[in-house]
Enquirer: 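Attaching a single structure in structure tokens format; questions to follow.
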Amino acid sequence: MLLALFSCREDDIIFIPEEVPTGTPVLSDVRGFYLLNEGNMGSNKSTLDYYNLLTATYFRNIYASANPSVPKELGDVGNDLGVYGSKLYAVINCSNKVEVMRADDAVRISSIEIPNCRSIAFHGRYAYVTSYAGPVEIRPDYSQLGFVAKIDTVTLQVVDRCIVGYQPDGLAVSGDNIYVANSGGYRVPNYENTLSVISLASFSVTKTIAIAPNLDNVIADRHGRIWVSNRGDYYDVMPSLTCYDTRKNRIVATFPIGASAMWLDDDTLYTVGTSWNAETQSNVRSYHKIDTEALQIEEKGPITDGTETEIRVPYAIAVNPVTKEVYITDARSYLNPGYLHCYSPEGIRQWSVRTGDIPAAFAFIGQ
């Protein structure tokens, strides 16, 4: 049964926990995925959805159902999500916490306090979380450096911190190091342009690499390369995607595309982008697939049926590791529920479903 509360505008729908049948059941080791919805800043409306691949059923706002004794919403701005071992980790930015749940059913285990936290990565016994450290405040002389918190995934305690650059966002582990994208996003127009390289052994910065202004996402491929997106300065410097080879210690490729969200599947990097164009006063949307071995943009992107024109704000992307179906979210107006679209490996839309506000991050279970 679909339950919804309607207000005066068609898009203004506040969803309570519900389930929606959609798609086709798939029997595999990958049982499903979680989708974290950001919720607009200050609204305290971050929610968690779940798609069950075995039954082809989409469940909205499952955190409320799984945790009736705690506040129904996860908090303010759900920024990142990850499954590691038997636990599910949700990074809740402006609520200054990482919410830890059981991966099987999203039942709350604990909450870890980290100020202005942004992104999460895992290696060995530890989880690593970037933090802006200071309050949300835009000014050119913002002086608070960010850090990476090291969390013991057994005790769920922060055991160490490593100071990096201004407003660190994405991070990824490659080889013996963690690569951290420093954005400097609060220091407009004095953006950062560096990757901080942290040794896993010493948990200290060993190197700083200049890439491009206002860095965002980081993904490590299996060839020893780091893929880093940047937002540019929204006026003169356009967004781009940079490939840095950790073995050669140099940039080996740069692509003039916006990649506000990325997902790596085998040797294919999937990207979606929503970039602001100051000249036209509008967003530029983009969808790409990149061969990370050949360092080339593929001729066909993740959508081939023309339905990308129906997506207002492509916001997140993920690829099913078994079926190779591609999931792309639409944040639409940012203020109201978004949409999740499922595409076949050939780029044909299979189904769509309404999500929470600003669907932002995926995490598969059972893979």
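For reference, positions follow the sequence shown, starting with 1.
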Enquirer: Does S286 use its side chain to pair, donor to acceptor, with the backbone of G258 at less than 3.5 Å?
Expert: yes
Enquirer: Looking just at side-chain N and O atoms, do T57 and N52 make a donor-acceptor pair shorter than 3.5 Å?
Expert: no
Enquirer: Please find the pair of heavy atoms, one from L195 and one from L215, that lie closest to each other, and give the distance.
Expert: N-CD1, 4.0 Å
Enquirer: So does R285 pair up with D330, basic N to acidic O under 4.0 Å?
Expert: no
Enquirer: Can you give me the closest heavy-atom contact between A106 and N67, atom names plus distance?
Expert: O-ND2, 3.0 Å
Enquirer: Just wondering, do D266 and K324 contact through their side chains at under 4.5 Å, heavy atoms?
Expert: yes
Enquirer: What about W351 and Y58, are their ring centers closer than 6.0 Å?
Expert: no
Enquirer: Please check if the side chain of D80 supplies one atom and the backbone of I120 the other of a donor-acceptor pair under 3.5 Å.
Expert: yes
Enquirer: Restricting to non-hydrogen atoms, name the atom on N230 and the atom on M238 that form the minimum distance, rounded to 0.1 Å.
Expert: OD1-O, 3.8 Å
Enquirer: Applying salt bridge (Lys or Arg N to Asp or Glu O under 4.0 Å), which residue pairs with at least one partner in residues 82-91 are found, sequence neighbours left out?
Expert: none
Enquirer: If we only count heavy atoms from C-beta on, is the Q167 to R187 side-chain gap below 4.5 Å?
Expert: yes
Enquirer: Measure up the Y126 and Y128 rings against each other and bin them: parallel (under 30°), tilted (30 to 60°), perpendicular (over 60°).
Expert: tilted
Enquirer: Do Y89 and V129 come within less than 4.5 Å of each other through their side chains, counting heavy atoms only?
Expert: no
Enquirer: Taking the basic N atoms (NZ, or NE/NH1/NH2) and the acidic carboxylate oxygens, is any pair closer than 4.0 Å for D245 and R250?
Expert: no
Enquirer: How far apart are the closest heavy atoms of P135 and N116, and which atoms are they?
Expert: C-ND2, 4.0 Å
Enquirer: Using 30° and 60° as the class limits, which term best fits the ring planes of Y327 and F33: parallel, tilted or perpendicular?
Expert: tilted
Enquirer: Please give me the minimum heavy-atom distance between D76 and N40, naming the atom from each residue.
Expert: OD1-O, 3.7 Å
Enquirer: Any ion pair linking D169 and R118 (charged N to carboxylate O, less than 4.0 Å)?
Expert: yes
Enquirer: Should the ring pair Y315 and Y334 be called parallel, tilted or perpendicular, given that the plane angle runs from 0 to 90° and is split at 30 and 60?
Expert: perpendicular
Enquirer: Any salt bridge between D216 and R231, counting N to O under 4.0 Å?
Expert: yes
